[in-house]
Amino acid sequence: MPELPEVETTRRGIAPSLDGRRILRVVVRERRLRWPLPRGFEKRVRGHRVTGVSRRAKYLLIATDGGTLIVHLGMSGSLRVLHGRVLPVVHDHVDFVLDSGRCLRFNDPRRFGSMHWVSGDPLKHPLLVGLGPEPLGPAFHGDALWRLARGRQVAVKQFIMDSRVVAGVGNIYASEALFRARIRPGVQAGRISRTRMQALAASIREVLEEAVAVGGTTLRDYVSPDGTPGYFRQKLFVYERAGEPCRRCGTLIRHRVLGQRSTYYCRVCQR
DNA sequence: ATGGGCACCTGGCTGC
DNA sequence: TGCAGCCAGGTGCCCA
């Protein structure tokens with residue numbers, strides 16, 4: 001479900017309710033997430049005051065005065081802020097009860113999401129330490145992308161979805177960025193010119209920024225923490241549009257599988 | 001080092 | 001109506 005723009009939308013949605021609040025109680029109804037929640041998780045998290053909510057790739061970092069909660073939403077996870085007592089529904093796995101009377105609730109049908117509590121620098125955590133630059137940050141640019149691609153034979157779509165190359169480019173936005181940069185997804189990464197890599201980096205940044213600005217993409221069930229959907233779907237050029245006319249040239253959009261992921265492109269606009 | 005494939009899950013949709 | 005089969009927004013890990 002959530003890609004970087006949806007995670008960022010989630011961050012912005014929950015941060016105002018979390019900042020400065022103390023976590024009074026943690027309720028775990030299902031420990032079997034991607035990595036099982038360890039015994040004692042509740043006790044370790046409880047009692048700390050939130051100092052900020054940030055994001056690294058698709059990981060949310062809820063910093064407190066005693067450690068950091070690292071949350072990943074996986075494919076189907078979501079976080080919502082509830083006001084007062086609300087009965088949990090199916091797949092509501094974890095609650096963080098705040099001293100404001102509100103509650104941060106994690107729901108995840110597929111349980112590909114995860115939570116980790118770390119006491120030191122969260123960026124040193126094994127899951128985060130090897131990540132490439134943030135696509136919206138200053139360290140990400142076409143030259144770096146081009147340099148990393150030297151000698152690489154993987155398809156460029158898989159290359160930009162590799163979190164060690166650039167962090168947080170998921171399946172929707174990879175197809176969309178390649179369309180905007182007019183590059184075919186199956187082209188080998190190492191065979192793309194420096195100039196075109198610069199266009200690609202710019203497209204990645206642009207598509208993610210635009211999606212963040214409208215609250216992300218709602219495909220099936222994603223809703224932001226306040227319950228509203230993301231509106232980027234209307235701006236998708238290729239994703240899930242196989243057989244429909246290209247918005248640029250009218251040619252029917254193609255579908256193919258790359259690295260076991262659905263991939264969409266226009267065979268005329270993209271070369 | 002690189003590339004490819006599998007695994008972890010549930011739910012929704014399609015087609016027989 | 002029932003059910004098998006397929007697909008889904010992620011990503012760590014294992015193998016060659």
Side-chain angles (χ1 to χ4, degrees), chain A residues 1-10 29-37 55-60 70-79 89-94 106-116 125-132 135 147-178 185-191 204 207-208 211-212 214-224 229-236 238-243 255-264:
Chain A
M1 173 211 300
E3 288 202 34
L4 188 147
E6 295 74 51
V7 176
E8 177 60 22
T9 300
T10 298
R29 297 180 200 84
E30 175 59 81
R31 318 196 78 85
R32 296 173 301 168
L33 304 183
R34 173 151 197 200
W35 288 280
L37 289 179
R55 179 187 57 72
R56 176 76 173 101
K58 296 172 194 163
Y59 292 93
L60 285 167
I70 304 175
V71 180
H72 198 290
L73 301 177
M75 290 274 271
S76 57
S78 61
L79 286 169
V89 297
V90 63
H91 306 310
D92 277 346
H93 302 317
V94 184
F106 176 72
N107 178 290
D108 186 7
R110 292 174 73 177
R111 287 191 271 122
F112 286 177
S114 65
M115 288 189 189
H116 294 270
H125 190 277
L127 291 173
L128 306 189
V129 79
L131 292 173
R147 243 176 282 121
L148 272 179
R150 294 308 83 211
R152 296 294 304 272
Q153 296 191 217
V154 276
V156 62
K157 178 175 178 253
Q158 289 167 265
F159 179 70
I160 60 173
M161 288 181 70
D162 181 342
S163 64
R164 294 164 302 185
V165 172
V166 49
V169 177
N171 203 36
I172 299 177
Y173 301 107
S175 279
E176 292 299 315
L178 286 162
V187 176
Q188 292 184 350
R191 300 184 61 169
I204 290 171
V207 73
L208 292 175
V212 167
V214 297
T217 303
T218 295
L219 247 27
R220 304 168 224 321
D221 49 8
Y222 169 79
V223 286
S224 72
Y231 294 102
F232 197 71
R233 183 167 201 181
Q234 300 149 241
K235 301 195 179 182
L236 296 177
V238 290
Y239 191 79
E240 283 200 338
R241 293 195 66 243
H255 172 266
R256 68 175 288 198
V257 175
L258 230 36
Q260 309 170 121
R261 309 299 301 275
S262 266
T263 303
Y264 302 86

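Chain letters run A, B, ... following the sequence lines, proteins first and then strands; every chain starts at 1.
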Using OP1 and OP2 only, check whether a side-chain N or O of [X] sits under 4.0 Å from [N].
{"X": "A/Ser76", "N": "C/dG10", "value": "no"}
{"X": "A/Arg111", "N": "B/dC8", "value": "no"}
{"X": "A/Arg261", "N": "C/dG9", "value": "yes"}
{"X": "A/Tyr173", "N": "C/dG9", "value": "no"}
{"X": "A/His72", "N": "C/dT11", "value": "yes"}
{"X": "A/His91", "N": "B/dG11", "value": "yes"}

Expressed as a whole number of angstroms, how long is the span from [X]:[atom1] to [N]:[atom2]?
{"X": "A/Trp35", "N": "B/dA7", "atom1": "CH2", "atom2": "P", "result": "17 Å"}
{"X": "A/Leu73", "N": "B/dT10", "atom1": "CG", "atom2": "P", "result": "18 Å"}
{"X": "A/Asn107", "N": "B/dT10", "atom1": "CG", "atom2": "P", "result": "13 Å"}
{"X": "A/Glu3", "N": "C/dT11", "atom1": "CD", "atom2": "P", "result": "9 Å"}
{"X": "A/Glu240", "N": "C/dC6", "atom1": "CD", "atom2": "P", "result": "19 Å"}
{"X": "A/Gln153", "N": "B/dG4", "atom1": "CD", "atom2": "C1'", "result": "13 Å"}
{"X": "A/Phe159", "N": "B/dA1", "atom1": "CZ", "atom2": "C1'", "result": "14 Å"}
{"X": "A/Leu127", "N": "C/dT11", "atom1": "CG", "atom2": "P", "result": "10 Å"}

For atom P, what is the distance between B/dG3 and C/dG9, given to the nearest Å? 22 Å
P atom, B/dC6 versus C/dC6: distance in rounded Å?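 These two P atoms come out 14 Å apart once rounded.
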Re B/dC9: Watson-Crick or G-U wobble partner, both distances kept under 3.5 Å, found to be none
If C/dG9 has a Watson-Crick or G-U wobble mate with both distances under 3.5 Å, name it; if not, just say none. none
Is A/Tyr59 touching bases, backbone alone, or none of the nucleic acid, heavy atoms closer than 4.0 Å?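 The answer is sugar-phosphate, as A/Tyr59 gets under 4.0 Å only of primed atoms, P, OP1 or OP2.
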Determine the contact category for A/Arg34: base if any of its heavy atoms lies under 4.0 Å from a base atom, sugar-phosphate if only primed atoms, P, OP1 or OP2 are that close, otherwise nothing.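 If one applies the 4.0 Å heavy-atom cut-off, A/Arg34 turns out to touch a base.
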Test your reading of the model: is there a side-chain donor-acceptor pair from A/Asn107 to the backbone of A/His91, 3.5 Å cut-off?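 Between the backbone of A/His91 and the side chain of A/Asn107 there is a qualifying donor-acceptor contact (under 3.5 Å).
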Give a yes or no answer on whether the side chain of A/Glu176 reaches the backbone of A/Tyr239 with a donor-acceptor pair at less than 3.5 Å.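 Yes; judged by distance alone, with no hydrogens or angles, the pair exists.
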Validation row: [X], [Y] side chains within 4.5 angstrom (heavy atoms):
{"X": "A/Asp92", "Y": "A/Phe106", "value": "no"}
{"X": "A/Leu236", "Y": "A/Tyr264", "value": "no"}
{"X": "A/Thr217", "Y": "A/Tyr231", "value": "no"}
{"X": "A/Val94", "Y": "A/Leu37", "value": "yes"}

Kindly confirm whether the side-chain ring of A/Phe112 is stacked on the base of B/dC8, judged by centres under 5.5 Å and planes under 30°. yes
Starting at the 5' end of DNA chain B and moving along, which residue's nearest nucleotide shows up first, A/Leu148 or A/Gln260? A/Leu148
Of the listed nucleotides [options], the one nearest the side chain of [X]:
{"X": "A/Arg152", "options": "C/dG12, C/dG9, B/dT2", "answer": "B/dT2"}
{"X": "A/Pro109", "options": "C/dG12, B/dG11, C/dG9", "answer": "B/dG11"}
{"X": "A/Lys58", "options": "C/dT11, C/dG12, C/dG9", "answer": "C/dT11"}

Let me know, please, whether A/Arg110 or A/Gly168 comes out on the 5' side of the other along DNA chain C by nearest nucleotide.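 Looking at the nearest nucleotide for each, A/Arg110 comes out on the 5' side.
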